[in-house]
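For reference, the structure discussed in these notes is given below.
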Amino acid sequence: MIIFGTKGYLYQLAVLTMVCGWCGNPAAHTLRKRVTKFTLFFVPLFPFSTKYATQCTFCGGERQIPKEEADLLLAQAAAGQDGNASGQAPQPGVTPPGQNPYQR
């Protein structure tokens, strides 16, 4: 007896601020990657489907996007992480990414 099937994996790649196409509000959107893998005896072997989507955190509207657009949004998110690269002083009350504000 051979047991085979599929298993889905969901990865959150970034959180972006964009204007929602569904509700029209400027809100945070999660960029997600869904990978479906073929499994044999409950062991994932290879991916056979990869899809990208953004979801509005305000209204919950979701939009499928092509891989090229997802790569572009991911590059914009990575460039936005370097917000202090221009030599400006940090804003008061804002913690730089990667630092815990509750730890001294």
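As the structure is a computational prediction, the values presented were derived from the model and not from experiment. For the numbers below, each heavy atom of this structure counts, side chains included, while hydrogens, waters and symmetry mates do not.
- Residues R32 and L10 meet the side-chain proximity criterion, which asks for heavy atoms closer than 4.5 Å.
- When hydrophobic clusters are built by joining Ile, Leu, Val, Met, Phe, Trp and Tyr residues whose side-chain heavy atoms come closer than 4.5 Å, directly or via intermediates, Y52 is grouped together with Y11.
- Residue F46 is grouped with residue L40 when hydrophobic side chains (ILVMFWY) are merged at heavy-atom distances under 4.5 angstrom, including chains of intermediate members.
- For F41, the CZ atom is densely surrounded, since the number of other residues' heavy atoms within 6.0 Å is greater than 12.
- The neighbour count for F4 CZ, taken as heavy atoms of other residues, nucleotides or ligands under 6.0 Å away, does not exceed 12.
- Shortest non-hydrogen contact noted between A28 and V15 is CB-CG1, 4.0 Å.
- Side-chain contact between L73 and L13: absent, with no pair of heavy atoms (C-beta onward) separated by less than 4.5 Å.
- In this structure, W22 shares a hydrophobic cluster with no other residue, the cluster being traced through Ile, Leu, Val, Met, Phe, Trp and Tyr side chains under 4.5 angstrom apart.
- The two residues A77 and L16 have their closest heavy-atom pair at CB-CD2, 3.3 Å.
- By the salt bridge (Lys or Arg N to Asp or Glu O under 4.0 Å) test, R63 pairs with E69, sequence neighbours left out.
- A distance-only check finds no donor-acceptor pair linking the side chain of S49 to the backbone of T36 [under 3.5 Å].
- Looking at every heavy atom in both residues, I65 comes nearest to L31 through CD1-CD1, 3.7 Å.
- Within 6.0 Å of OH on Y9 lie more than 12 heavy atoms contributed by other residues, nucleotides or ligands.
- The two residues H29 and V19 have their closest heavy-atom pair at CE1-C, 4.2 Å.
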